[in-house]
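Okay, structure first, notes after.
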Amino acid sequence: MTTIFDNEPRTEAATRGDAFGRWIGSHPVWALVIAVAVIFALWLVLAPWPAGLEQVFGKKLIFINALFNGITLGGLYFLVATGFTLIFGLMRNVNLAHGSLYLFGGYMGYEATQWTGSWLFSYVIAFLSCAVVGIAMQFFIFRRMEGQDLRQTLVTLGLSIVFSDLMVWVWGGNAIQIDTPDYLDGPVVTPIVVAVRSSGETVFLYYPAVRLVIFAAAVVIGVGMWLALNRTRVGVMIRAGVDDRDMLSVLGYRVQLLFVAVFAFGAGLAGMAGIVGGTFQSLSLGEDSHFLLASLVVVIVGGMGSIPGAAIGALIIGLSEQIGTVYFQNYSTVLSFLIMVIVLALRPQGLLGRR
Amino acid sequence: MALAETTRQAPLGVGEAQRGGEFGRWVSRHAAILLLGVFMVIFPAIANDFFLRQIAGWTMILGMIALSLMFLGGYGGMVSLAQMTVAGVAGYMIAVLGVSSLPKVSFFWPWWVAAPLAIAIAVAFGTLAGALSARTEGIYTIMITLALATSFFYLTLQNWPIFNGFNGFTTIPAPHFFGVHWGDPVPLYYMILFFAALSYAAVLYVSRSPFGLALQGVRDNPRRMEAIGYNVTAHRIAAYAFAAFIAAIGGILLVWQNNQISPFSVDVGVVINLLIIAVVGGLGHPIGPFIGAFIYVILRTFALDALVAVGLDGRRFQTLIGLGFLIIVLFSPDGVVGLWRRWASRVGASDGRSGR
């Protein structure tokens, strides 16, 4: 049995590589269009804009800032949504308390930075405290109503109400910001030309270092999770559980333990994302539903239970929100919503989802 | 699906009317609802304006909007969180098309143009929402409709040209026709009562019609219904349209009662409270949402004082609601109606009569 599983990742990767080549072979026109679009996008980002373009779209700095904000916001959304999608994929549990876990993690991280003064250590605290809540939820409640999707969802809803009210009780309704640590404070110079002065001097983009670092961390976490899912034994168990959890438990694996572990991990990720959100933006009443909505839209667009799907969905939604805020102020949420509608109409299971 | 399953037992009193034929038996069968009706009609004679507006008015309006959720959830197996949003669309449209304190945004059309148009727009919105989520099932429906509801909230919050952003609309008057000021407490009460009773009867009637029975078939086994030749998706979308109609009327009444609408009339908390109302009351019978709304309104109005009276923090009202909801979901998935049914059948069995 194990040999089959061990072989699977390699063969899968091999066929995927072939498929890419074949796809280019069979769709030369589309491949060309996509290649031109990619080159154009790179040119938009890297080169200084001609005057005509700036007249239509406004300053390049605004566009580049929106782009960077969108991508880094996508990183944050990915951190939140990936736990959500993992929990859903394995347990069919739509955890509507996921936004509350995000906010709780942020608040715990805030407390930890206040007490210890260490920003990095607060991630550990946030991860652990949310993981404990997640374990308690899975162990005391969801284990008892397995297979009753709707009831589980309603319970998470009830929990989210209680949690958010208790958090208002403890931390109040005012916005709280987590301070950026000194070594990440302030902007860094990026090799991207924003404009050329009349003196011929080029102006480069300055961008907050903390956002870039966090985005890099999100990428590392994403790649790490992909590797863990595709290259380790636990990953094989999780993927098998996503496909057919009854079969997995029949084979003698301890599915309940796996459920608890995945729930803890997903909740912990949401908690860590809370610190990121508290540093990027702020923590306040209502942020839990904002990030619950973001996770919902991200996984609906990307495909339920798929981690690469969550990454793509997070990037799309983050970009559409930021670019929407800059260019269509009154309708920016409609933009994300329209993307969701279009994806649902064309591919109800999401971009990378499976039925 | 546990919630929907309970409704597989025949709704209260189904078939009695056809079978009985004798008036007396029919009356005794429906004694509870008839008594309630009589009580509601004479209620203004014994209650003051506070009870008419804040308790009875709110109960019936929230009950109507929750009824549309109950119809979709109980008979269609589709728990839609977009029903409050449908009501919100109707409410916003009556403010935009009709009269408000904002001459820049509102069209100032008379109510008999604005109200039907607002209902039509809201029904179109609800039907579209249905078409979007009808292809999915169960928890996917919850997710998509929740995403939809939250998006609408953020849209109203951000959009100034149509929805007037954060502030929303104020001083939207109830209409004035047939020489009656319908915004006055007693006329408003009777108008709300009329529409609440009408929508209750309509849901009861539709649930027993061929369409309603087919819808319940779709809920229980969509594949089999498809195989017999029913168009499953069309039935679902039609159910959304019907539910949206009820929710839209509820939304307009909400605005006429409140004289204002803002993004916080349709925020996530309100959307979720509506689901709580429907689930706590019970998705098994159309009276459920009204019972749930009554419990909710009573708690909302008096919980603060009650919590303070027993020495707790009055602001923890939302925790109380959440815990109550959790207890109902954990121990009586079919809500208060389910509790009552079980109690009635136990009493009936000990009396030697069949409970149902």
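Since the model is a prediction, treat every value here as computed from it, not as a measurement.
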Q: Go through the steps to decide whether A:L157 and B:V329 satisfy the test side chain to side chain contact (heavy atoms under 4.5 Å, CB included), and finish with yes or no.
A: CA-CA 10 Å; A:L157 203 61; B:V329 173; over 6 Å; no
(Q) One pair to check against side chain to side chain contact (heavy atoms under 4.5 Å, CB included): A:L292 and B:T150. What are the steps and the verdict? (A) CA-CA 9 Å; A:L292 176 64; B:T150 332; over 6 Å; no
Q: Step by step, work out the side chain to side chain contact (heavy atoms under 4.5 Å, CB included) result for B:F153 and A:L293.
A: CA-CA 11 Å; B:F153 163 67; A:L293 168 76; over 6 Å; no
Q: Apply side chain to side chain contact (heavy atoms under 4.5 Å, CB included) to A:V94 and B:I142, showing your working.
A: CA-CA 9 Å; A:V94 177; B:I142 288 194; 5.7 Å; no
Q. If every non-hydrogen atom of B:G322 is compared with every non-hydrogen atom of A:I161, which pair is closest and at what distance?
A.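 Looking at all heavy atoms of both residues, the shortest contact is CA-CG2, 4.0 Å.
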Q | Which atom of B:A147 lies closest to which atom of A:I300, heavy atoms considered | A | CB-CD1, 4.4 Å
Region of [X] in contact with chain A, defined by heavy-atom distances below 4.5 Å:
X      : value
B:I276 : side chain
B:L157 : neither
B:L275 : side chain
B:L323 : both
B:F325 : side chain

Q. Has A:F259 got more than 12 heavy atoms of other residues, nucleotides or ligands less than 6.0 Å from its CZ?
A.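 Buried by this count: over 12 neighbours within 6.0 Å.
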Can you tell me how far apart [atom1] ([X]) and [atom2] ([Y]) are? Round to the nearest 0.5 Å.
X      : Y      : atom1 : atom2 : answer
A:F88  : B:M143 : CZ    : CE    : 6.5 Å
A:L296 : B:T145 : CG    : OG1   : 9.5 Å
B:I272 : A:S160 : CD1   : OG    : 5.0 Å

Q.
Looking only at heavy atoms and a cut-off of under 4.5 Å, which of A:M145, A:M304, A:R144 has the most pairs with chain B?
A. A:M304
